[in-house]
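Inspection log for the structure reproduced underneath, given as structure tokens.
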Amino acid sequence: MEAKRCRRVVLVSCPFQGHINPLLQLGTILYSKGFSITIVHTQLNSPKASKHPEFDFQAIPEGLSKQDIATGNLVDIILALNERCKIPFQDCLLDMMLKQDSDDEITCVIYDDLMYFSEEVANNLNIPSIILRTSSAASLLSRLAILQLKEEGYIPFPDAMSQDPVPALRTLRFKDLPICEFGAPENFFQLLAHVCDTKTSSAVIWNTMDCLEEPLLIEQQRRQCSIPIFAIGPMHKFAPACSGSLLNEDSSCIDWLDKQVPNSVIYISLGSLASTDEKELAEMAWGLANSNQPFLWVIRPGSIMGSDWIELLPQGFMESVGERGCIVKWAPQREVLAHPSVGGFWTHCGWNSALETISEGVPMICKPYFADQMVTARFVSYVWRIGLQLENQLDRSEIERAVRMVMVDKEGEEIRQRAEELKEKVETCFKKGGSSNNSLNKLVEFMLS
């Protein structure tokens, strides 16, 4: 018989794939520590409750029209969510509080940092709140740097400065800053200011680890706040069975990988939001074909402009690669990255993908598209040196060269060696006595206090 659970934690989810995954992982981790879990989510991109029967799921209306969502303007969508979800969330919490008994009191609200309305609601109801940061410490410091540069009159910065180091964060160049191209600039700066402000929350949870970002976490603590920081990454390693995929995963690619030589396959997936056009698609296709390496390529339906799926692949491409290529709509990524045949990952550098790749010691080819992907790509290629970055417009000869460099050349062997060494450090972090494990135990103590 299951032991009685005596504390309820409410987790507020942001409706994008890269945010849903770590939130569900955190829920799984806290459930394993004896907490009851309620996931509050929008009707937009609601997580699959059937995959998590142990959680209570509460949907709140987000008030977005199909037209709002179709714009793809992430900044305006997130600002609208924060405006329109506040009252439904407050009603949801009040309802839970009316129905709770003394054994099931809400101990705290943990909210994705993009859903900052949650903190104000929790405050109004005298419930402690904790921020969940689903991106890297470097990414938050880059956002703070943007706000500082704006204050000093550097933004918009001239093209001539794009390669110059950022004064407040010299690892990054101006071109690596996650400055958003969507919509009105003032909306972007308004969103940044909200996300960077810890306001009155009790603590911050980070999906990162000391072996990757300790100096940046210390700097973050110094700059921002005196509240506790709990770095408990990589959370997918603490919750290995947890799945939050909004798309159906095609596991047939694992059978294909089983037939390939160890470390021979380049895996390509550009995440759940990025899109490409027919010209870029052709350059990618012929670059992969000309590299002569086996490849597993995720092409998300609708991710190629003007096409439902792969109709716009160049003529003759499929014939030229034959059995050497496998294309799927979506893959079970953690299983793919852990497969012995996979020797490299061409990635958009979303933070979850980066953590999953680092945890398996797989070298990366980085092609970031927007937001914190730029920052992560710079750290992968320049700081940790476990991959290389495609800096220019996609070109088939550059793609061929990058794939061969990572998969075959001597430089790739050196990258692989560093990736393996970093993987070992990560394993030390989440094992018993490691920094992330210790941090998780302190977080549980903190929440029970």
Side-chain angles (χ1 to χ4, degrees), residues 247-333 335-337 339-350 353 357 362-370 373 377 387-409 411-412:
L247 296 163
N248 292 324
E249 297 170 337
D250 182 350
S251 294
S252 67
C253 59
I254 303 299
D255 296 336
W256 180 85
L257 284 173
D258 289 341
K259 298 173 187 145
Q260 310 307 315
V261 175
N263 284 335
S264 67
V265 175
I266 177 87
Y267 166 54
I268 307 102
S269 177
L270 302 179
S272 58
L273 289 173
S275 58
T276 190
D277 58 26
E278 189 175 356
K279 184 177 180 298
E280 277 199 337
L281 180 73
E283 295 303 313
M284 288 176 76
W286 289 123
L288 288 169
N290 299 341
S291 74
N292 286 321
Q293 288 299 124
F295 62 86
L296 167 58
W297 190 359
V298 171
I299 301 182
R300 206 179 69 251
S303 64
I304 301 156
M305 295 167 209
S307 158
D308 288 335
W309 190 35
I310 55 173
E311 309 90 273
L312 294 180
L313 277 171
Q315 211 171 349
F317 166 71
M318 298 297 274
E319 293 76 11
S320 75
V321 296
E323 293 291 303
R324 188 161 55 79
C326 175
I327 298 177
V328 294
K329 292 177 178 177
W330 199 246
Q333 182 160 291
E335 202 180 337
V336 167
L337 289 169
H339 198 284
S341 295
V342 172
F345 181 17
W346 176 353
T347 170
H348 65 304
C349 275
S353 287
T357 315
V362 175
M364 287 179 247
I365 296 173
C366 306
K367 178 57 182 168
Y369 283 81
F370 53 78
Q373 298 167 15
L388 51 91
Q389 184 171 347
L390 298 170
E391 299 259 9
N392 308 310
Q393 272 197 315
L394 287 179
D395 168 81
R396 63 190 67 187
S397 56
E398 189 188 349
I399 291 165
E400 178 190 346
R401 192 162 51 246
V403 171
R404 292 197 63 77
M405 191 183 290
V406 165
M407 303 298 290
V408 179
D409 295 350
E411 189 174 343

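Remark: E311 CD is packed, more than 12 non-hydrogen atoms of other residues, nucleotides or ligands lying under 6.0 Å away. For N248, the CG atom counts as loosely surrounded, since its 6.0 Å shell holds 12 or fewer non-hydrogen atoms of other residues, nucleotides or ligands. Around the CD atom of E319, the shell of radius 6.0 Å holds more than 12 heavy atoms that belong to other residues, nucleotides or ligands. The number of heavy atoms from other shown groups lying within 6.0 Å of CG (D255) is above 12. Applying the 6.0 Å contact sphere to CD of E391 captures more than 12 heavy atoms from other residues, nucleotides or ligands. Atom CE of M305 sits in a crowded spot, with more than 12 heavy atoms from other residues, nucleotides or ligands closer than 6.0 Å.
The minimum heavy-atom distance linking A331 with Y267 is given by the pair CB-OH, 4.1 Å. Here the closest non-hydrogen pair linking M364 and V406 is O-CG2, 4.3 Å. In terms of heavy atoms, Q293 sits closest to M407 at NE2-CB, 3.8 Å. Here the shortest heavy-atom pairing between K367 and L390 reads CD-O, 3.9 Å. In terms of heavy atoms, R404 sits closest to N292 at NH1-CB, 4.3 Å. Taking both residues in full, the closest heavy atoms of K329 and V298 are given as O-CG1, 3.6 Å, listed atom of the first, atom of the second, then distance.
The aromatic rings of W297 and F317 stand perpendicular to each other, their planes meeting at an angle above 60°, with 30° marking the opposite boundary.
In terms of modelled atom types and a separation under 3.5 Å, the side chain of D409 and the main chain of G412 share no donor-acceptor contact. A distance-only check finds a donor-acceptor pair linking the side chain of E283 to the backbone of R396 [under 3.5 Å]. A distance-only check finds no donor-acceptor pair linking the side chain of S341 to the backbone of V265 [under 3.5 Å]. When atom types are taken as modelled, the side chain of E280 and the backbone of E278 share no donor-acceptor pair closer than 3.5 angstrom. Judged by distance alone, with hydrogens and angles left aside, the side-chain atoms of R324 form a donor-acceptor pair with the main-chain N or O of A289 at under 3.5 Å. Side chain of D395 to backbone of S397: a donor-acceptor contact under 3.5 angstrom is found.
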Run the side-chain hydrogen bond (donor to acceptor under 3.5 Å, both in side chains) check on S353 and Q333 step by step: do they pass?
-> CA-CA 8 Å; S353 287; Q333 182 160 291; 3.0 Å; yes
Start with the C-alpha distance between I399 and W346, add both sets of side-chain angles, then the distance that settles side-chain contact (heavy atoms from CB on, under 4.5 Å), and finish with yes or no.
-> CA-CA 10 Å; I399 291 165; W346 176 353; 3.6 Å; yes
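With rounding to the nearest 0.5 angstrom, the CD1 atom of I310 is 6.0 Å from the CD1 atom of I299. Between the OG atom in S303 and the CH2 atom in W309 there is a gap of 10.5 Å [rounded to 0.5 Å]. Interatomic distance, CD1 of I266 versus CD1 of I365, reported as 4.0 Å (0.5 Å rounding). With rounding to the nearest 0.5 angstrom, the CZ atom of F345 is 9.5 Å from the SG atom of C366. For the atom pair S307 OG and D277 CG, the distance stands at 11.5 Å (nearest 0.5 Å).
W256 has its side chain out of reach of V328: every pair of non-hydrogen atoms, C-beta onward, lies at least 4.5 Å apart. Counting only heavy atoms from C-beta outward, the side chains of C326 and P294 never approach each other to under 4.5 Å. Side-chain contact check for I268 versus L288: some heavy-atom pair is nearer than 4.5 Å. At a threshold of 4.5 Å between non-hydrogen side-chain atoms, the residues W330 and S272 count as touching. Inter-residue side-chain proximity for I254 and P332 is flagged as met; some heavy-atom pair is nearer than 4.5 Å. Counting only heavy atoms from C-beta outward, the side chains of Y369 and S275 never approach each other to under 4.5 Å.
Of the options V336, L337, V342, a side-chain contact (heavy atoms from CB on, under 4.5 Å) to H339 is made by V342 and by none of the others.
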